[in-house]
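Have a look at the structure below, then the notes.
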Amino acid sequence: MCGIVGYIGKKEALPLLLKGLRRLEYRGYDSAGVALIENGSIGSYKKQGKVGDLEKVLQGQKVSSSIGIGHTRWATHGEPNDVNAHPHVSNNGNLAIIHNGIIENYGSLKEDLISKGFEFSSDTDTEVLINFIEYIQSSDNLTLEDALRVALSQVVGAYAIAIISKDTPNKLVAARKGSPMVLGLGKGEFFLASDATPIIEYTNEVIYLKDEEILVIEDGNYHIKDSQDIPQTPHIHTLELELEAIEKGGHEHFMHKEIFGQPESIADCMRGRLNKEKGELTLGGIRNYAKALENADRIIILACGTSWHAGLVAEYVFEDLCRIPVEVEYASEFRYRNPVIKEGDIVIAISQSGETADTLAAIELAKSRGAIVLGVVNTVGSSISRVSHEGAYLHAGPEIGVASTKAFTAQLTVLYMIALRAARNKGTIAENRFQQLLRELSLIPSKVEKALLSNDKIEEISEMFKNASNFLYLGRGYNFPVALEGALKLKEISYIHAEGYPAAEMKHGPIALIDENMPVVVIATRDSSYDKIVSNIQEVKARKGVVIAVVSEKDALIPKMADFTIEVPATHESLMPLVSVIPLQLLSYHIAVMRGANVDQPRNLAKSVTVE
Ligand code: F6R
């Protein structure tokens, strides 16, 4: 959460910073701000709201500088307003900081600084940090980087920070711990950002800063040291990301682009891995620990939100194909329990961003107890991909819409491939069944394409239900996690209350909610629970509930019972979530658009949840 950018070079910094902030706006959009060194002093401009609101503040102002920092905020400490917006400037007006993360011991530091005469205008932990650095720098007469090192040794929490000082206008200093930071290396210029998207336009050479490293860029050079002041030799990565991939490409919203891009993103995810002709599956990222996975006594899946839903589907798949018991845990719960983990247990960590703080912390806990961690991550070079022992990237391309869509289907695809390969090597799947599932998997992009053809019908259905106050989503077996995912999609972008339930659990409570005002979305594709879910639909109808059913094509029975039906192509039931989730993504998208909600940036959310 929160996006940070920085620039130092020969160009005008302001337009670069604003463009970078726009690219990072998905990480938070409560307020935005920039600070630059102008004529020997710090100019700081900030505004509650989006980057567009900040741009209005800057309109007509003559701001000229070739060094600056910028921030787009997802509020943690203090409400979203102009004062709490970043950057924060220190009491003597010398230093300005931007920060992504949380300083946990800011309260005691603040009290101490107040007793020394410091004054604070905001409620933020960040303003405390910059004044703490100022205090150390001025009392011990230290360079900015030395003062930062001393300060950080006394700070508890997570941070990605960048600081400029009016006394050293050719220097930009940055550090990270627990929050991401990427340095872009241009020709005589440097770019800092929370991820590579603001950088790719200018250079494809980047360095991912490691935890507790401090970066100094000064007079056209840079160096990185660790927290003990020991110089580090960074690895320079060459990015393969295309600029086009992070732009809307003619779609009204990123979410629309991402939903409709799924035939391609699922195909990308299988490319070079699934060979239909040879009937082979290769996953180069999981080579050294493939045997450990096959021989594992159990698998623990750690994730949050939509990624957790993908984990629930994977549980069914792994147990069925590999006959290995699986537990799916919310990372946020797991990390604060005292979980039983033994040497050699396999943890599969699923994350689109690769930066989710709870998932990262849960991984560290599992690793400390001897588990082997396999990451299933989308963002290349992200923290989770780096702390995992091995893993498989999604290769779905950047997901910018805050509501996860293409990452979910890519997660399912990767997890399916991992399970299928392990089952074959382990001998828990017959060769002909393996080949059949492999073929079926290879057909998924075209089936998703077909499922997307229901878009117009779904738009009509959305029109009818856009003013509903509640929705219930029901599914069984492999479609139960899809019901959860459909409900999550709807509530997060349209702000309609929605609940996902295993259909058979309905009679244990939620059935009391059903009346003629309650739309019930039932994922009722033809599978081993078909007859049971037909009975569940009848139970809803008997109580005058309105049923919107997602059914397999050519289903003759359910359309006679349901009020509305949406057809999806048939596939093997274990692969059905890849197809049956598509109408639910479209339903939430259209309802949100019709309600005038900000689809790509829903209120209170952020794409990358880097705080616990
Ligand atoms: C929902 C959504 C969130 C994320 C969750 C985990 O649409 O996007 O629920 O799935 O915050 O994020 P990652 O996958 O980045 O760890």
Side-chain angles (χ1 to χ4, degrees), residues 1-3 24 26-28 74 178-180 194-195 197 253-256 258-259 262 301-314 328-335 347-363 373 375-388 391-394 396-412 414-415 473 481-482 484-496 498 500 581 584-589 592 597-612:
M1 337 205 91
C2 300
L24 291 181
Y26 71 89
R27 299 177 65 90
W74 187 86
S179 299
S194 300
D195 69 31
T197 53
H253 300 102
F254 280 112
M255 187 179 178
H256 191 269
E258 287 156 9
I259 292 174
Q262 288 176 107
I301 295 182
L302 299 176
C304 302
T306 288
S307 300
W308 185 79
H309 297 157
L312 288 180
V313 178
V328 190
E329 302 257 10
Y330 282 118
S332 53
E333 287 297 316
F334 181 86
R335 65 180 288 198
V347 162
I348 300 182
I350 311 171
S351 175
Q352 188 288 128
S353 63
E355 300 294 347
T356 301
D358 284 323
T359 311
L360 258 172
I363 291 172
V373 179
V376 173
V377 171
N378 196 31
T379 308
V380 177
S382 56
S383 303
I384 294 177
S385 69
R386 281 180 283 126
V387 299
S388 299
Y393 279 120
L394 303 184
E399 189 179 65
I400 314 266
V402 164
S404 191
T405 52
K406 68 173 179 174
F408 178 70
T409 47
Q411 286 164 345
L412 296 182
V414 168
L415 290 161
Y473 285 72
V482 178
L484 296 181
E485 177 59 8
L488 176 62
K489 284 292 86 89
L490 186 72
K491 61 189 149 197
E492 70 182 324
I493 60 168
S494 71
Y495 320 139
I496 295 175
V581 76
L584 309 190
Q585 295 172 344
L586 288 169
L587 185 70
S588 64
Y589 171 79
N598 187 334
V599 173
D600 284 335
Q601 296 174 345
R603 68 185 182 204
N604 305 339
L605 292 175
K607 186 73 186 157
S608 200
V609 186
T610 55
V611 296
E612 63 169 289

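Indexing begins at 1, ligand by ligand and atom by atom, following the structure's order. Start at 1 with the first residue, then count along the sequence.
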Problem - Side-chain heavy-atom pair D358, Y330 within 4.5 angstrom cut-off - result: no
Practice task
Evaluate the ring planes of H256 and Y589, with Trp represented by its six-membered ring, and classify them as parallel (under 30°), tilted (30 to 60°) or perpendicular (over 60°).
Solution key: tilted
Handout entry: Element-labelled atoms of ligand 1 that are located less than 4.0 Å from some non-hydrogen atom of A403
Key = 7 (O)
Practice task
Ignoring hydrogens, just give me the one of V402, L394, I384, T306 whose non-hydrogen atom is nearest atom 3 (C) of ligand 1.
Solution key: T306
Exercise for the section: Output the list of atoms in ligand 1 that are nearer than 4.0 Å to some heavy atom of S307, sorted by atom number. Expected result: 10 (O), 13 (P), 14 (O)
Problem - N or O pair under 3.5 Å between Q411 and ligand 1 - result: no
Practice task
Measure E492 to ligand 1 on non-hydrogen atoms and call it side chain, backbone, both or neither using the 4.0 Å cut-off.
Solution key: side chain
Handout entry: Qualifying residue for side-chain hydrogen bond (donor to acceptor under 3.5 Å, both in side chains) with Q585, from K489, Q262, E485
Key = Q262
Practice task
Look up atom CD1 in I384 and atom CD in E355, then write down how far apart they are to the nearest 0.5 Å.
Solution key: 7.0 Å
Problem - Nearest-neighbour protein heavy atom for atom 12 (O) of ligand 1, which is reported as residue plus atom name and distance - result: T356 OG1, 3.5 Å
Completion exercise
To the nearest 0.5 Å, atom CE of M255 lies from atom CD of E399 at 9.0 Å
Problem - Residue-ligand contact H309/ligand 1, heavy atom below 4.0 Å - result: no
Handout entry: ligand 1 atoms in contact with S351 (distance to a heavy atom under 4.0 Å)
Key = 13 (P), 14 (O), 15 (O), 16 (O)
Problem - From S388 atom OG to I348 atom CD1, the distance as rounded to the nearest 0.5 Å - result: 10.5 Å
Problem - atom 6 (C) of ligand 1: the protein heavy-atom neighbour that sits closest, reported with distance to 0.1 Å - result: C304 O, 3.3 Å
Completion exercise
In ligand 1, the atoms that come under 4.0 Å of a heavy atom of K489 are 1 (C), 7 (O)
Fill in the blank from the handout: atom 11 (O) of ligand 1 sits nearest the protein heavy atom V609 CG2, 3.8 Å
Problem - Side-chain donor or acceptor of T379 paired with backbone N/O of S353 under 3.5 Å - result: yes
Exercise for the section: Can you sort out the partners of D600 under side chain to side chain donor-acceptor pair (under 3.5 Å), two or more places apart, ordered by chain and number? Expected result: none
